[in-house]
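This report refers to the structure that appears directly beneath it.
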Amino acid sequence: LADPKDRLAHVLAKLRERGYRVTPQRRAILDAFVASEEHPTVEQIFRIVSGRFPNASIATVYKTVAALKEIHEVLELEFSQESNRYDARRPYPHPHVVCTGCGRVLDPELSHLPAIEDEITRRTGFRISSHRLDFYGLCPSCQEEDARGAEPGGP
Ligand SMILES: [Zn+2]
Ligand SMILES: [Zn+2]
């Protein structure tokens, strides 16, 4: 996994190469995206950036996401009920584990993924180019909360 600083430099260079203008505000947005391991939403990035740029607009965040998508430097995770989440640290398909309690999204390291792809190819004849693999459940801190809530006399 690339260092956030290297990742930012890479994304900035690629944007400039494609003729995108990188304003200080857009740079701050990119910085917030690559610095986050939390798979942030557009709204979360907007909140971070508007601390430094009080005149920032959420439209600029959306435009920056669109630019990142165009240069294939962000992975977009769409959810039907929740806001989209973004992974600008690993902009390629990878498995996720999603907490149904608090909405945390993590990147589990899975060692068997290439074997699964091979098996799918063997069984279906498909040449696999991408995948979407999400696991859902309760994260450790939500499990704790759950257990506390279940205690007699608890809230
Ligand atoms: Zn949770
Ligand atoms: Zn991820």
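Here the structure is a predicted model, which is why all the values come from computation and not from measurement. Both counts, for ligands and for their atoms, begin at 1 and track the order of listing. Each residue takes its place number in the sequence, starting with 1.
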*Over 60° means perpendicular and under 30° means parallel, so classify the ring planes of Tyr136 and Phe79, tilted if in between.*
perpendicular
_The criterion is side-chain hydrogen bond (donor to acceptor under 3.5 Å, both in side chains); which residues satisfy it with Gln44, sequence neighbours excluded?_
none
_With sequence neighbours excluded, residues passing salt bridge (charged side-chain N to carboxylate O under 4.0 Å, His left out) with Glu38_ = none
*asked:* Here's one to test your reading of the geometry: is the NZ or CZ of Arg26 within 45 degrees of the ring axis of Phe33 and under 6.0 Å from its centre?
replied: no
*So, does Lys69 use its side chain to make a donor-acceptor pair with the main chain of Glu76 at under 3.5 Å?*
no
*Please report the number of protein N, O or S atoms that lie less than 2.8 Å from the Zn ion (ligand 2).*
5
*State plainly whether the residues Glu145 and Arg148 are in salt-bridge range, i.e. N to O under 4.0 Å.*
yes
*Linking I/L/V/M/F/W/Y whenever any side-chain heavy atoms sit under 4.5 Å apart, do Leu12 and Ile45 land together?*
yes
_Closer than 2.8 Å to the Zn ion (ligand 1) - protein N, O or S atoms, ordered by chain and residue number_ = Cys99 SG, Cys102 SG, Cys139 SG, Cys142 SG
*Salt bridge between Glu109 and Arg90, side-chain N to carboxylate O under 4.0 Å?*
yes
*Given the rule in the side-chain contact (heavy atoms from CB on, under 4.5 Å) test, do His131 and Leu113 qualify, once you have shown the distances and angles that lead to the verdict?*
CA-CA 10 Å; His131 65 258; Leu113 202 56; 3.6 Å; yes
